[in-house]
Amino acid sequence: MTKLAVYTFALPLLAGFLMWFVGRLGNRPAKAFSALTSLITTVLAGKVLLSLLKGSSIVVVFGGWRPPLGINFFLDPLAGLWLFSVNVLMFLAVIGSGTRYSWRFYGLLMILLAGLNGLIMSGDLFNVFVFFEIVCLVSFALVAYYRKRESIEAGVKYFVLGSVASSLFLLAIALIYGKTGTLNLAQISYLSNSWPALFKLVVFVLILVGLGVESGVFPLNAWLFDAHPAAPFPVSALLSGIVIESALYVLLRLVGLFFLDKGAVLLVGQTLLLLGVLTFVVAEIVGFYQRDVKRALAYSSAGQIGLMLMAFAVGLSRPDLGSVALVLLFLNHLLAKGGLFLSVGAVSDRSGSRDLDRFAEECAFSDKVVGLVGGLSLVGAPPFLGFWGKVALVFGLLAINMYALVGIVLAVMVLEAIYLMRISSAMLTAKGEGRQDCPGQALSLWVLSLLMLGAGVLAVYGVKKGVDLSRLRFTPKQEYIQTVYDVSAYKGGVDIDG
Amino acid sequence: MDRLGLLFTWLTLGLAGLQILFLLAGDRYTRRPWPILGILLLTLVLVGLYSTKDMLYFFLFWSASTWLTFILSNNPRKAFGYLWVSLLGEFAMLSAIGYTYAVTGSTALSSLAKAGPTAIALFCLPFVVKTGVIPFNFWIGDLYTGSDKRFVLFLSAIISKLGVFGILRTVSELPSLPNLAVWQNLFIYLAGITAIWSAFKAVGSEDAIEALSFSSLSQVTFIFASVLLWSAVSVSGAVLHYINHMLIKLGMFSVVIYIWRKIGSTEYTAMGDFVRRMPVSFLFFLMLGISLAGVPPMGGFNSKWLMYEAFISKGRLLPVLLFFVAGVGSFLYVYRLLHSIFLGRKKASISLVKEMNPLQIIPLVVSGLVSFLIGAYVKPFMGLTSRALTGIFDPVTITKTSIGLVNLSLVLEVFGLLLGVVVILFWILLPKHRYAPDTEGYTAAAYLPEQIRLWDYSYNFYAPVNRLGKAFVDLFSLGWLAGFWKEYIAGLGLVLRGLYNGRLATYGAYIMLTLSGLIVALSLLVSKGS
Amino acid sequence: MNALDFYALSVFLIGLGLMGVFLNRDFVKILISLSVLESGVNLLIVSIGYVRGRIAPILFSKELQASAVGKVVDPVPQALVLTAIVIGLGLLAVGLGMAVWMHRRFGTTDVSELKDLAG
Amino acid sequence: MLEGINRKYDISGIIASLVVLAFSGLLIYLLYTQIPYGQDKMLVSKDYIKMGVNSTGATNLVTSVVLSFRGLDTLGEVTVLFASAMAVGLFLLPGAGMWQREENFVLRVASRFLPYLIILIGIYIVSQGHVSPGGGFQGGVVISSGLLLKLILKREKESGFGGLVHALESLMGAGFVALALVGLVKYGSFLYSFGPKGVPGTLLSAGVLPVLYAFIGVKVASEFVAILERFTSSGEEDERA
Amino acid sequence: MGYIYLAVVLFTGFTAAIAVFSRGRVSSVVALALASVGLTASFYLLQAPDVAMAEAVISAGLSTALFLFALRKMGIRGD
């Protein structure tokens with residue numbers, strides 16, 4: 001089973017490299033080739049996820065060296081779920097990306113997929129940085145793809161802020177390597193208990209800021225609101241759907257492994273909770289006043305990231321509620337936001353304007369369906385995943401006696417409901433009968449709607465049967481260290497493993 | 001599914017069936033699939049709502065009904081007021097459920113009592129919002145007038161009264177009656193004021209649907225207040241009036257929607273003298289009007305009488321006065337409805353109208369007859385409501401009133417006899433009637449021209465009443481609240497928008513400030529903590 | 001023996017790079033400052049791996065291979081920096097591509113001109 | 001030099017710089033106290049040094065770390081370069097050279113023989129990667145700077161390198177991943193350095209490592225030739241949005 | 001022996017400061033190249049030949065070339 005995990009990373013890379021040859025045949029074959037690749041990786045990721053759900057976590061070893069020596073991938077059920085959903089949305093975005101993009105666009109998408117898959121699975125600190133760089137660099141290029149005035153401005157801002165952030169992250173890695181002498185996450189997490197308070201604090205803040213810029217945490221997410229609307233719509237669907245989530249995933253995993261010893265749990269939890277609330281409240285209030293449709297969706301993405309941060313912070317003290325909320329919010333946002341951006345983006349491209357009143361002139365029927373289903377599920381209307389995610393989050397927040405916080409969060413959630421419903425109803429009540437550029441778009445939108453509905457029904461069924469979702473959470477420190485390598489056996493002496 | 005849920009399920013299914021029959025019997029526009037499927041889905045959701053005893057599922061179905069109403073109303077611009085206020089209510093309910101889960105670990109409705117009075121009050125907030133009592137009454141007019149005509153009947157008959165069922169279900173599930181006297185009284189008086197406010201609104205409106213929707217609000221707040229009173233007589237009177245109101249609105253709205261399909265407008269000025277073309281509809285519309293006004297021979301009187309009886313026996317005279325004034329208001333707008341639609345001056349639109357086809361008229365006939373039956377022979381219906389309320393209250397037959405023991409059903413039967421006399425009189429006089437000649441002689445044309453607004457004496461019929469209630473109505477229409485929102489809350493948004501001023505240097509400063517701010521703050525906390 | 005060793009230089013370069021990014025208004029100057037920032041971090045990583053009095057991690061002779069542990073500098077930071085430098089170059093190439101287009105679209109590479117997207 | 005300072009700086013830029021100063025101070029304090037300069041802080045590296053040569057066969061430990069112990073970083077690194085080449089290909093178009101008018105005698109004469117000399121040095125650096133300092137990246141860049149001379153010359157239309165360079169770049173990248181996959185399929189783990197270890201210190205010694213470095217060298221060279229070609233072309237970038 | 005360290009450190013720091021804060025763009029690119037040379041020397045002193053070689057070829061060589069070509073593409077002659 002470990003081979004499949006590696007293929008999900010190696011195949012898109014191979015596809016990216018070979019894209020020039022396929023590009024000679026033209027853009028449509030390139031799109032078909034990348035759709036095929038992402039379909040294969042989705043199937044592989046699905047099989048990996050199934051085996052993870054049944055069995056225990058997997059450690060994939062590279063170059064034949066046992067974990068502390070070489071680089072290793074670590075896959076727990078949550079990583080498997082994240083991997084599978086990332087590949088699903090990538091496949092649907094590639095299909096739903098219409099006919100206007102060159103073979104280079106699809107090459108970059110394949111490399112982005114390889115980078116994201118590696119980022120989710122990686123178990124080595126510098127390896128996380130390299131994959132993070134791949135994802136950042138490809139996102140810079142894809143945001144500025146159109147080279148219009150607006151995309152260049154967004155690309156430049158994103159480039160500068162992203163580069164500064166990744167340099168800070170590299171600085172944190174340097175400090176950690178200097179202190180511990182190793183780059184393997186499990187070993188660092190084992191050694192991190194003995195870090196002095198000031199060192200641990202500075203490294204925590206450096207990693208939080210370094211990865212926070214890319215994952216859209218409150219004060220650092222200014223680039224997000226320029227980049228998503230300016231990017232081509234499949235890219236903004238991917239940026240909102242998987243890229244900022246994967247950056248958040250890595251941030252939470254690193255924080256979970258390095259900084260959660262007894263004393264700091266409270267402090268780390270409260271910092272993340274505060275940042276989550278700030279991200280959510282500011283993003284939703286500002287999003288409420290947006291006339292530009294895609295920009296409003298970008299604000300909603302930042303808001304959902306805030307919710308996920310809060311869910312993780314709650315999960316530290318109440319794992320049964322917090323981690324379930326995190327998983328549900330992630331899946332819901334991935335499907336709903338991916339679908340919304342794919343449909344709203346295509347519709348506003350066809351109608352030429354992104355203003356709330358004029359963007360929906362040429363809405364095809366599948367756009368309307370996704371507009372309705374996506375809007376409802378994102379807002380947390382009953383039958384969808386968002387509803388259960390919101391319920392789990394509110395239960396969790398109340399369980400840790402954060403009453404005022406629940407009041408604020410729910411009041412602001414009404415704002416989000418209003419401006420998202422403005423977009424959905426603008427699409428629903430659109431008069432014109434639009435046609436999509438290619439059948440692939442309609443197919444991907446229908447698949448997304450069915451996934452959302454299916455997930456909703458499954459959730460209702462799951463809650464009734466009381467299915468236990470607690471396995472889908474970040475593996476706690478001790479268990480992570482034990483599965484990756486046996487601490488006692490490795491004392492830094494000679495350990496030949498040819 | 002307990003007996004209370006069963007009653008409400010049958011009522012909703014019955015109404016939905018009749019409404020769908022009315023839509024199917026209509027023309028191609030009303031026969032379109034999605035409104036009918038929407039109503040069926042909404043009925044399914046409501047059946048789920050009636051059947052569950054678990055707060056989480058109650059919240060699931062309640063939220064589903066809110067969202068379905070928003071979508072089925074098919075006019076988002078007008079329905080946003082409804083959406084955001086009911087979402088606020090729902091989130092109050094969600095936090096109540098969360099708090100109970102945190103305290104007691106279970107989300108059963110009965111465990112709400114252990115969570116304390118504030119949780120109960122929060123849980124019941126959405127019921128108050130959905131009923132439309134004073135602070136939450138600004139969305140009623142927009143939603144009803146703006147809503148899709150094919151859905152407004154179901155909206156006003158069932159959805160407007162979900163709050164009533166909510167209170168019934170919640171309070172009946174709690175082991176002991178919560179000591180929420182303060183909230184109870186507050187909302188009874190607020191309901192009274194809302195009843196008067198909506199009566200004035202209905203009286204002053206120039207549109208049939210607007211009049212009917214505000215009349216619904218006035219009746220529903222009366223039901224809501226009497227349920228809040230929570231005595232055997234008041235609750236069974238409320239349930240009876242629930243049934244009556246549902247029937248009345250079913251019949252009246254089907255007529256108004258039929259007319260709307262024919263002449264394309266629901267303004268009073270566009271209608272007039274339809275009795276010539278639609279005599280049967282006029283007959284049943286008259287019966288329902290009488291029942292709405294609460295005049296003895298029809299069912300409306302019995303249920304209103306029970307509710308008044310309950311308030312008086314509890315010695316609460318001020319609410320009785322408030323609801324009585326609202327009752328007087330109902331006389332006015334019922335007459336206005338009857339007059340402007342069927343008896344007023346003939347308009348050019350009369351040629352478009354003809355009697356409903358036999359299938360379409362069934363809902364009207366059914367509601368007229370059942371309401372008549374409730375008026376004439378109330379015993380089976382009283383049995384129905386008391387069976388539904390078994391376990392909560394003992395059956396209501398004998399009640400002690402200020403003038404000693406009174407057998408309610410006996411009293412109502414006496415009025416039933418009175419009804420028999422009226423029917424016989426109507427039967428005798430019917431053949432002798434003759435049409436009053438058109439006396440408006442001074443216009444040469446056969447029909448009055450369209451811009452009759454200036455001459456049609458029925459336009460702004462109750463000008464003195466409107467002038468009297470103007471200040472009162474404006475105060476409680478909460479226009480000033482919208483102004484407050486625009487001015488102050490919107491200001492907060494502008495401040496936050498200023499954060500993202502688009503300059504790269506500022507964003508860079510954000511990164512560094514976050515970095516240093518977190519380091520300083522955390523190091524202080526750590527040093528203070530350890 | 002030398003107080004002003006490479007830690008000081010790398011922190012100086014990092015601080016200089018960061019200040020350059022925030023103070024400069026010209027995008028090309030910001031790219032230069034980013035390069036300085038990255039080389040500062042690279043220098044820091046390598047100087048973390050340096051051990052006084054040891055030689056480069058090339059075990060060219062037989063006896064060196066036998067007892068290399070105490071004689072050789074840490075090879076891992078050098079491997080990391082090798083990768084980091086090339087990543088920095090990759091970023092630079094993309095950044096300069098954007099700079100060319102920014103010049104074409106905005107007429108100047110002055111970053112304070114970029115204020116259409118706000119709020 | 002100093003007159004550049006008194007330009008009107010953005011207030012937030014100044015705040016950020018003050019914060020940077022404070023942060024650097026904290027960083028220096030942290031470094032000197034937590035990570036003393038010049039001391040042996042190795043943990044995992046001790047194993048690399050002990051078994052580096054006989055398990056991978058390469059005397060240059062950095063190469064064995066780059067390619068064998070932490071091979072995935074290098075693969076990621078190669079992907080970053082490939083992505084940036086593709087992004088530059090997205091932004092700028094190949095075309096006629098920028099220098100149409102200037103006829104530079106020295107350049108014309110030098111470009112006849114100098115590139116081949118530089119390429120030879122580059123090939124040496126790449127091939128000796130696993131024995132002496134150097135390797136795929138450094139050698140590849142040297143080779144591309146050799147070919148740079150050819151690109152700077154006056155050229156009317158697209159330089160001849162176009163197709164060949166892209167093909168080489170893609171093939172080498174795919175080759176690198178293929179070799180890694182061979183390691184996975186036959187030897188059970190991705191990027192496994194199989195092949196004869198040979199005598200450490202000689203040319204054919206470190207099994208597959210020199211082959212990998214050769215692939216990287218050619219790939220890096222062709223990548224940078226492609227990037228430089230785009231940067232030295234004056235072609236009016238296509239305006240299509 | 002220590003003076004070489006000092007010389008290299010001061011040279012790199014000084015040229016980097018010029019690169020960041022000088023007014024003209026081409027002059028800062030040149031200063032950046034010099035800083036890279038200084039950096040190569042410091043890597044050499046830190047017993048890291050591979051990195052020194054990479055730094056020399058990439059930062060001093062190629063990025064300076066890229067900067068100058070980009071400036072040229074933007075139509076900027078000299079300072």
Side-chain angles (χ1 to χ4, degrees), chain A residues 3 6 10 13-14 16-21 60-65 68-71 102 104-105 107-108 111-112 114-115 118 122 124 126-127 130-131 133-134 137-138 140-141 144-148 171 175 178-184 187 195-196 198-199 202 492-498, chain D residues 26-27 29-31 33-35 41-48 50-51 54-55 67-73 75-77 79-80 82-84 86-91 166-167 169-178 180-181 183-185 187-194 237 239-241:
Chain A
K3 287 193 167 58
V6 175
L13 206 57
L14 210 57
F17 285 143
L18 300 178
M19 197 53 82
W20 182 74
F21 295 103
V60 179
V61 167
F62 284 94
W65 309 111
L69 288 178
I71 295 176
S102 69
R104 281 197 169 82
F105 178 82
L108 286 174
I111 293 175
L112 177 67
S122 175
D124 179 279
F126 189 75
N127 200 238
V130 170
F131 285 130
E133 274 306 306
I134 295 176
L137 189 116
V138 173
F140 299 154
Y145 176 82
Y146 276 139
R147 299 185 295 289
K148 305 201 292 282
L171 185 59
L175 292 178
K179 187 69 183 165
T180 56
T182 163
L183 285 167
N184 184 299
Q187 208 169 13
W195 288 349
L198 179 66
F199 178 84
V202 169
V494 173
D495 193 335
I496 303 282
D497 182 3
Chain D
L26 174 70
L27 198 58
Y29 166 73
L30 209 64
L31 279 173
T33 50
Q34 301 302 328
I35 310 168
K41 303 177 272 293
M42 295 190 252
L43 178 66
V44 179
S45 315
K46 284 192 173 58
D47 295 330
Y48 290 154
K50 280 199 193 64
M51 64 175 181
N54 23 34
S55 59
L67 280 182
S68 167
F69 292 113
R70 302 188 61 82
L72 203 59
D73 287 351
L75 181 58
E77 167 42 42
T79 327
V80 165
F82 183 80
S84 74
M86 198 173 256
V88 166
L90 203 65
F91 284 113
H166 280 297
E169 178 190 7
S170 311
L171 273 179
M172 289 307 138
F176 189 94
V177 175
L181 283 176
L184 176 66
V185 168
Y187 297 87
S189 79
F190 197 71
L191 280 172
Y192 186 83
S193 51
F194 50 90
E237 278 59 45
E239 291 294 325
R240 65 174 165 70

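What you see is a predicted model, and the numbers here were worked out from it, not measured in a lab. Below, read A as the first sequence line, B as the second, and so on, with proteins coming before strands; counting in each chain starts at 1.
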Quick one: [atom1] on [X] to [atom2] on [Y], what's the gap to the nearest 0.5 Å?
X     : Y      : atom1 : atom2 : result
D/L90 : A/Y146 : CG    : OH    : 11.5 Å
D/D73 : A/I71  : CG    : CD1   : 4.0 Å
D/F91 : A/Y145 : CZ    : OH    : 10.5 Å
D/I35 : A/F199 : CD1   : CZ    : 5.0 Å

Self-check item: Closest-packed option against chain D by number of heavy-atom pairs under 4.5 Å, given A/L13, A/T182, A/V138
Solution: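 Highest number of heavy-atom pairs under 4.5 Å: A/L13.
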Practice problem: Look at A/L108, A/N184, A/L171 and state which one has the largest set of heavy-atom pairs under 4.5 Å with chain D. | Solution: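 Most heavy-atom pairs under 4.5 Å with chain D: A/L108.
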With chain A, which of [options] has the greatest number of heavy-atom pairs at distances under 4.5 Å?
options                     : answer
D/L31, D/V185, D/V88, D/L75 : D/L75
D/A87, D/A83, D/S84         : D/A83
D/G183, D/A178, D/G89       : D/G89

How far apart are the closest heavy atoms of [X] and [Y], and which atoms are they?
X      : Y      : value
D/S170 : A/F17  : CB-O, 3.1 Å
A/N127 : D/R70  : N-NH2, 4.0 Å
A/G64  : D/S189 : N-OG, 2.7 Å
A/R104 : D/M86  : CD-O, 3.4 Å
A/A10  : D/L181 : CB-CD2, 4.1 Å

Quick one: what part of [X] sits under 4.5 Å from any heavy atom of chain A, side chain, backbone, both or neither?
X      : answer
D/A180 : neither
D/L72  : both
D/Q34  : both
D/Y48  : side chain
D/Y187 : neither

Contacting region of [X] [heavy-atom separation from chain D under 4.5 Å]:
X      : answer
A/L137 : side chain
A/I134 : both
A/T180 : backbone
A/A114 : neither
A/D124 : side chain

Quiz item: Where does the angle between the aromatic ring planes of D/H166 and A/W20 fall among parallel (under 30°), tilted (30 to 60°) and perpendicular (over 60°)?
Solution: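 Aromatic pair D/H166/A/W20 classed parallel.
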Quiz item: What do you reckon, is CZ of D/F194 surrounded by more than 12 foreign heavy atoms closer than 6.0 Å?
Solution: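 Count over threshold, so yes.
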Practice problem: Would you please test A/L198 and D/L30 for side chain to side chain contact (heavy atoms under 4.5 Å, CB included) and show each step? | Solution: CA-CA 8 Å; A/L198 179 66; D/L30 209 64; 3.8 Å; yes
Self-check item: Side chain to side chain, D/L27 and A/L175, heavy atoms closer than 4.5 Å
Solution: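 The answer is yes; the side chains approach within 4.5 Å.
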Practice problem: Answer whether the closest heavy-atom distance between the side chains of D/L171 and A/F21 falls below 4.5 Å. | Solution: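 The answer is yes; the side chains approach within 4.5 Å.
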